[in-house]
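For reference, the structure discussed in these notes is given below.
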Amino acid sequence: MAPIDPHSYADSTHPLTTHISLSLYFDFASSTILSSAVLSLAAPYSGSFTLDSRSLLISDVLDLATLTPLPFTLQPTSPDAILGQSLTVTLSDHSQLLVIFKTAPSSSALQWLSPAQTFNKSFPFVYTQCQAIHARSVFPCQDTPAARIKYAAKLNIPRYLSAVMGAKHVGRRDPVPGECRDACDDSLWCGEGRVVEEFVMEQPIPPYLFAFAVGELGFREVGPRTKIYSEAVPGVLDAAAREFAGTEEMIKVGEGLFGPYEWERFDLLVLPPSFPYGGMENPRMVFLTPTVIKGDGTGAQVVAHELAHSWTGNLITNKTNDHFWLNEGITTYAERRIVEAVQGKERAVLNIGIGWKLLVEDMERFKDNMEFTKLKTNQQGVDPDDVYSRVPYEKGFQFLWRIERQIGRPAFDEFLKNYIATFKFQSIDTDIFLDFLKANIPGIENHIDLKVWTEGTGIPPDAMEPASDIYTKIVSLANEFKVGRMRNEDEVADWGGQEWELYLENLPKSVEVSQVLALDARYKLSESKDYEVKVAFLQLAIASRCSKYYSEVEKTLKEVGRMQYLRPLYKALVQGTGKEEEKIFAKRVFSEACSCYHPIAQGVVEAILIKYT
Ligand code: BES
Ligand code: ZN
C-alpha cells in the first residue's frame, strides 16, 4: 500500500480510473440520489482495489459483464473525519466494475435547498461543491487530482426542473427502461413526471471538478460561448447578464495570453446566496455566488479568476493539495493579467494591494502553524477546508510576479504559454514546475532563491507591496484615520467597493466605539450593498465591541453562506477573552442559520466555534 495523495485512499500500485458512467435518480423528498456507477480502469487488475467514499450507502459491487457480485469492504468502520471510508473491492482481471449505491442526506458535497430556501419559493434546488475532497460523497472514486477521468452522466429529475453540469449537454428526453443500471427500479426511473438530462465530459478532469446543479433554471445568452444560468428569476438573470456582459472579451484576452480556450463553452451559473465560495471553476460551467453581482462590473474580477483556471488548474492541475499554490497562485497571477487588460493597470494594482494585505493577515493567522505559510505544504492529517487561506493565492502570485520582474514581461509571457502547452491535461507538483522553470530560464536560481520561495515560511524579502497613485492615496487616508481625520464624502465619492475594501483593510484591527460610529455616520458603510465592504466594516465593529451593529451582523450571517464572509464575522465574535456575550450570540445565530449553510460551511463555522468557545 503506497498512497499517492495524503487526502485519498487511492493506491499508487493500482490502475487509475479513466472513465465513469453515472446514472443518478434525484429523490428530493429524501435528499438522496439513488445511483449506479460504471468505473473503467486504465488496465485490468487482480486483487484488492481501493476507492474513496464518504457517507455513501453501497449496496452492491458487480462484475459489469456477468452482473455477479464482487466482494467489497468499507474501512474504517467509523469513518475517518477527513478521508471518509475506503471502499475495497476484490477484482480478478477486471477493468470495469459496477457500483450500486445511494448518497446520504448529509453528503458533504451536496446542498439540498427546500423550496422555501430558494428565490422563487416554488421548487427545490440541489448543487455540488466537490473541491477539495467532497466528490467521494457523491460517487465512489479515486478522489485525488492525480487521477483524471472522463465521464458520462444521466440525471433523472422531476420534469418541472432542469439540470446543468460542468460537462457537455447531450439532451433532455424521456427515461428509457433498462438504462439506469440498477440505480433504482425501472418503475421509479420511468415514473410519471420524470425526465432524463444527459451529459458527457470528453476531456479528462480531476474529480474535484465534477459538478451539477438541479433546480428551476433559466438563462440569458451574453456571448457566442457564454450563457448565464440562475434560478429562473428575471431580475436576477437580467442583473447577472449586465454584470457579466464583458465575458467574451475576457476569454479572448485569456486566449491571447495563455493559448487556446480548450473547453468549448464558458457558461456561468449564479447560485443561491448559500453558495460557500465566491466562485468555483467547474469546467464549461463556472459556479458563482450571487454576491458578485454588484451592479458596477467588479464581479468581473471573480469571473476573470475562474476563467483563468481554464488554463491553470483545469488544464494543468495540482497533483495533490500540498501543491495547491500551482492552481491558485498561478491563477491569481493570470486573473490579474486579464483584469489589467480589460480594466486597466490601476484596477489590477488595487487588486494586488488588497491581496498583499490579506497575505500579511494570513501570515499572522498561521504564526503558530508556519507550515501553512509555505507554498509547498505537508497536509498529512490535515483537512484542506480547515487550512484554506490566501497564502497559496497571494504568495503564489508574488512568486510569479517576482519572476516576471526578473526576466521581463515578454519573456515571462512566453514562459507561461510554453508551460501551459507542455503540461496541459496533466497533474503536476512543485518540483515539476521548478524543473521546467530552471530548464527554460537558465540561471534563474542564481537570482531568485527558489527554495526560500517554495519551501520557506513567511513572506520572502523580495516580495513586493504594489504602488500606484490611487493605492498609495487610499493607504495614506487609512493612516490619517488613525490620527482622527476623515475626508469629506465628496472626496471619496468616486470610490467603488474595492477602494473601500482596501481602506478598511488598512485601518487598525479595532478602534474606539465612537470612531466606528463616526466612520459609519460619514460613509454609510453598514448599509453598503457590497458585501465585501459591509463585512469588512462589521468585522471592525465587532472587534471594537460596537454592539449597535450586532443586529446587522445577525442579518448578514443569515442571508449569505459565502465562507469568505462567515469566517471573519464568526471569528471576530468569538476570538479573544472576556467576550461571553458575543460567544453566546454567535452560537445562537449559528444554530438558527446553519440549516441554510452548505455542509462545508457548516463544518468550517463549527470548527471555529469549537476552537474558540
Ligand atoms: N477553486 C477556488 C475555490 C475553492 C478553493 C473551493 C478550495 C474549494 C477549495 C476558486 O477558484 C476560488 O479561488 N474562488 C475565490 C475567488 C476569488 C479568489 C476571486 C473565492 O471563492 O473567493
Ligand atoms: Zn481559484
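Counting starts at 1 for both ligands and their atoms, in listed order. None of these values were measured; they are calculated from a predicted model.
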Could you pull out all residues at least two apart from Glu505 that satisfy salt bridge (Lys or Arg N to Asp or Glu O under 4.0 Å)?
none
Using the Zn ion (ligand 2) as the apex, give the angle to atoms NE2 (His305) and NE2 (His309), rounded to 10 degrees.
100°
Are the ring centres of Tyr393 and Phe397 closer than 6.0 Å?
no
Ring centroids only, cut at 6.0 angstrom: are Phe139 and Tyr151 within range, meaning strictly under it?
no
Short N/O/S contact of Glu328 with the Zn ion (ligand 2) (below 2.8 Å)
yes
Listing, residues 350-358 side-chain donor-acceptor contacts under 3.5 Å, not counting sequence neighbours, or none:
unit_1, atom_1, unit_2, atom_2, d
Asn351, OD1, Gln498, NE2, 3.0

Applying ring pair (Phe, Tyr, Trp, His ring centres under 6.0 Å), can you list everything that pairs with Tyr565, at least two apart in sequence or on another chain?
Tyr531
Between the protein and ligand 1, which nitrogen or oxygen pairs come in under 3.5 Å, and how far apart is each?
unit_1, atom_1, unit_2, atom_2, d
ligand 1, 1 (N), Gln131, OE1, 2.8
ligand 1, 1 (N), Glu281, OE1, 2.6
ligand 1, 1 (N), Glu281, OE2, 3.2
ligand 1, 1 (N), Glu328, OE2, 3.0
ligand 1, 11 (O), Glu281, OE1, 3.0
ligand 1, 11 (O), His305, NE2, 3.2
ligand 1, 11 (O), Glu306, OE1, 2.7
ligand 1, 11 (O), Glu306, OE2, 3.3
ligand 1, 11 (O), His309, NE2, 2.9
ligand 1, 13 (O), His305, NE2, 3.0
ligand 1, 13 (O), Glu328, OE1, 3.3
ligand 1, 13 (O), Tyr393, OH, 2.6
ligand 1, 14 (N), Gly279, O, 3.2
ligand 1, 14 (N), Glu306, OE2, 3.3
ligand 1, 21 (O), Gly278, N, 2.6
ligand 1, 21 (O), Gly279, N, 3.3
ligand 1, 22 (O), Gln564, OE1, 3.1

Please check if the number of heavy atoms outside Lys611 that lie under 6.0 Å from its NZ is greater than 12.
no
Heavy-atom closest contact (Val533 atom, Gly497 atom, distance)
CG2-O, 3.5 Å
